[in-house]
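These notes concern the structure reproduced below.
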Amino acid sequence: MTNSEIAKLLSSVASAYAIIDDKKHRFQILAYQKASDAIEHESKELKELYKERRLEELPGIGSSIKSHLEELFTTGKVAHFDQVLDKIPSPVFTLLDVPGFGPKKAYKLVTEFNLKNPETVIKDLVEIANKNKIATLQGFGEKSQSDILQSFKEYGLGKTKTARMVLPYANDLATKIIDYLYASKDVKAASTLGSLRRKKSTVGDIDIAAASKNPKAVLDHFASYPHTDRVIEKGTRTASIITSSNKQIDLMVEDPEGFGALLQHFTGSKEHNVRLREIALSKGYSLSDYGIKKKSDPNSKIKLFKTEEELYKFLGMQWIPPEMRENAGEIELALKNNLPRLIELKDIKGDFHLHSSYPVEPSHDMGINTMDDMIKKALSLNYKYLGFSEHNPSISKHTEQQTASVLEKRNKYITQLREKYKNIIHIFSLMETDILPNGNLALKDKSLKFLDATIVSVHSSFNMNRNDMTKRVLKGLSHPKAKILAHPTGRLINKRPGYELNWDEIFDFCAKNNKAIEINSWPQRLDLPDSLVRLATQKAVKLFINTDSHASTQMDLMEYGVSVARRGWATKDDILNSFEYNTLKSWFEK
DNA sequence: GCCGTTTTCGGCCCGACTGTTTTCAGTCG
């Protein structure tokens with residue numbers, strides 16, 4: 001079972017308890033939901049943790065849930081869960097995946113209409129609603145009936161609670177909305193919130209905060225955003241719209257005096273906030289999105305915060321960069337004034353994964369801009385160096401000798417460019433070389449000698465098992481010219497999960513043998529993923545942040561790779577392309 | 001059911017919004 005399947009199981013148990021008796025089971029519900037969240041967000045496979053006897057290290061998993069999980073891994077089921085879940089008709093759990101449905105509503109409808117089939121429950125309810133039979137139920141009405149139909153319609157379109165967009169797409173959309181908000185004179189400040197502000201690789205809804213003395217005007221302005229399909233809700237403080245591209249945007253408005261607390265609260269993560277509230281409580285304060293109150297006196301005046309910095313300081317800690325707010329140890333470090341200084345975009349001095357249009361007759365796609373164009377773009381980004389890394393010439397269409405002469409010619413051209421840009425920018429001659437299924441590189445030594453070094457990567461036979469793939473990659477990386485492993489998991493977000501590798505082995509090998517791992521900034525890749533960046537830096541593995549650009553304009557994507565690095569707590573010391581040229585040059589030569 | 005720099009017992013984050021209600025329940029983040 002995968003982590004998300006197990007998380008869903010625990011969440012189902014919580015829902016079942018909520019239906020059976022939400023007063024009596026109030027705290028079990030909280031506990032199961034908390035355990036479910038922890039598992040959902042855990043980057044290591046739960047089964048691995050179980051084998052290592054480390055299940056109780058997860059927050060929210062104590063002796064009881066731990067023993068249930070052990071039963072799950074040994075027998076494939078849990079008697080206690082079955083006993084609880086059996087009390088609830090199974091169609092209820094189908095409905096829980098639909099936005100707007102919680103345990104109570106789902107249970108009420110399923111039992112009221114005696115629905116039996118989890119496969120057809122949505123279709124059945126649509127028919128029932130079309131006969132106007134939901135609106136007449138106690139606690140329901142015309143509006144809730146049509147809301148239910150709307151939810152089913154969107155669910156059918158694939159807008160589940162878990163459908164997510166890639167970070168750069170979400171960021172572009174949010175930027176447009178924020179620009180639109182600033183067109184209102186009532187908006188004093190606006191910022192992204194939530195997973196978007198924390199720069200997660202994928203984002204569900206887009207959440208935005210605005211500071212204003214006149215929330216009504218701002219909410220009205222927002223609700224009339226030109227590309228709006230419909231307004232979901234609009235209150236005195238928040239509003240939600242669905243754009244014509246079928247994305248949900250939530251806006252919260254707050255007085256500038258309290259904007260810091262709002263920003264902090266809605267940036268999350270939930271886990272970070274829960275931990276922060278625990279800290280506040282231990283100091284006798286109650287923390288909300290409005291600010292901080294004395295716990296002992298609920299009527300005391302609330303303390304407002306204009307900025308997040310003031311709020312964190314009030315709680316006795318450093319301001320924490322949004323990318324770190326996952327309750328992964330950052331709060332403890334901030335309390336000790338000991339947060340790492342994360343890598344920033346301005347620290348980046350070059351890009352090493354650039355596909356120019358130079359004709360090497362590759363097996364994969366070429367770039368569309370010349371080396372010269374890409375150098376000019378690099379200069380506009382204030383880079384001090386860069387590396388060209390087209391795909392290797394196709395091995396099926398060239399003899400070894402032909403390949404070598406293509407590279408020799410390319411090398412001469414790069415030498416001319418070096419002369420042209422002498423004292424302006426340093427140019428490395430690299431290539432992106434395939435690691436073949438047997439672990440050999442697609443380029444032989446007689447070609448590789450024309451390169452300063454090579455990036456290596458997997459572009460074929462993705463279905464190998466973890467052991468074989470690990471051997472393949474390690475063999476490819478062990479060539480002296482192979483210095484960087486590019487887009488290391490091979491994932492394409494929302495398309496394919498990527499192959500499996502033994503990361504402990506890969507990272508140990510890299511740290512020992514002076515090899516680097518790439519953080520690829522391409523929107524669908526963002527690969528190495530953040531959780532593995534954290535593991536790599538803990539093992540002192542050096543990293544590059546590259547764009548994998550096939551056009552000079554794509555070199556602007558660097559910021560997204562930097563986001564991934566920051567979420568993995570990487571500092572300047574971890575990122576080789578933030579180093580001075582001479583240090584970097586000697587690293588390549590080691 | 002989980003958890004511990006005031007606790008191994010007795011707490012458990014906080015609030016907005018909507019719809020169906022005359023004061024609240026359900027859902028969401």
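When reading the values below, keep in mind they use all heavy atoms of this one structure, side chains included, and skip hydrogens, waters and symmetry mates. Within every chain, numbering begins at 1; the chains are lettered A, B, ... in the order of the sequence lines, protein sequences first and strands thereafter.
Residue contacts for A:Thr236: at a heavy-atom cut-off of 4.0 Å it reaches the sugar-phosphate backbone alone, with no base atom in range. Across all strands shown, A:Asp147 has heavy atoms under 4.0 Å from sugar-phosphate atoms exclusively, and none from any base. Residue A:Phe140 is in sugar-phosphate contact alone, with no base atom involved, counting any heavy-atom pair closer than 4.0 Å across all strands shown. If you check every strand for non-hydrogen atoms under 4.0 Å, A:Glu56 touches nothing.
With sequence neighbours excluded, the residues satisfying ring pair (Phe, Tyr, Trp, His ring centres under 6.0 Å) with A:Tyr50 are A:Phe73. For the ring pair (Phe, Tyr, Trp, His ring centres under 6.0 Å) test, no residue two or more places apart in sequence or in another chain qualifies with A:Tyr107. Applying the ring pair (Phe, Tyr, Trp, His ring centres under 6.0 Å) test to A:Trp522 and every residue at least two apart in sequence or in another chain returns nothing.
Between A:Asp207 and A:Tyr17, the one whose closest nucleotide on DNA chain B sits nearer the 5' end is A:Tyr17.
Of the candidates A:Arg198, A:Arg197, A:Arg566, A:Glu323 forms a salt bridge (Lys or Arg N to Asp or Glu O under 4.0 Å) with just one, namely A:Arg566.
In this structure, A:Lys283 is not positioned above the aromatic face of A:Tyr285 in the sense of NZ or CZ being under 6.0 Å from the six-membered ring centre and within 45° of the axis.
Applying a 4.0 Å cut-off to non-hydrogen atoms, none of the residues of residues 313-332 of chain A approaches DNA chain B. Near-neighbour residues of DNA chain B inside residues 24-37 of chain A, defined by a heavy atom below 4.0 Å, number-ordered: A:Phe27, A:Gln28, A:Ala31, A:Tyr32. Near-neighbour residues of DNA chain B inside residues 63-70 of chain A, defined by a heavy atom below 4.0 Å, number-ordered: A:Ser63, A:Ser64, A:Ile65. Contacts of residues 192-201 of chain A with DNA chain B (heavy atom under 4.0 Å): none.
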Which pairs of donor and acceptor atoms, one on a side chain in residues 57-64 of chain A, lie under 3.5 Å apart (sequence neighbours left out)?
from: A:Glu57; atom 1: OE1; to: A:Arg54; atom 2: NE; distance (Å): 3.3
from: A:Glu57; atom 1: OE1; to: A:Arg54; atom 2: NH2; distance (Å): 3.4
from: A:Glu57; atom 1: OE2; to: A:Arg54; atom 2: NE; distance (Å): 3.2

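Between A:Ser144 and B:dT18, a side-chain N or O to OP1/OP2 separation shorter than 4.0 Å is absent. Checking the phosphate oxygens (OP1, OP2) of B:dG29, no side-chain nitrogen or oxygen of A:Lys270 falls inside 4.0 Å.
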Generate the contact string for nucleotides 4-10 of chain B. Rules: B means base contact, S means sugar-phosphate contact only, - means no protein heavy atom under 4.0 Å.
-------
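Among residues at least two apart or in separate chains, there is no salt bridge (charged side-chain N to carboxylate O under 4.0 Å, His left out) pair with a member in residues 182-196 of chain A. Sorted by first and then second residue, the pairs that involve residues 17-35 of chain A and meet side chain to side chain donor-acceptor pair (under 3.5 Å), not counting sequence neighbours, are A:Tyr17-A:His80, A:Asp22-A:Lys104. Pairs passing the ring pair (Phe, Tyr, Trp, His ring centres under 6.0 Å) check and including a residue from residues 189-243 of chain A, sequence neighbours excluded, read A:Tyr180-A:His221, A:Tyr180-A:Tyr225, A:Tyr225-A:His227.
B:dT21 and B:dG15 have their P atoms separated by 27 Å, with the value rounded to a whole Å.
B:dT18 atom P lies 9 Å from atom NZ of A:Lys234, rounded to whole Å. When rounded to the nearest whole Å, the span between CD of A:Glu233 and P of B:dC28 equals 12 Å.
Considering only the side chain of A:Lys143, B:dG19 comes nearest among B:dG15, B:dG19, B:dT27.
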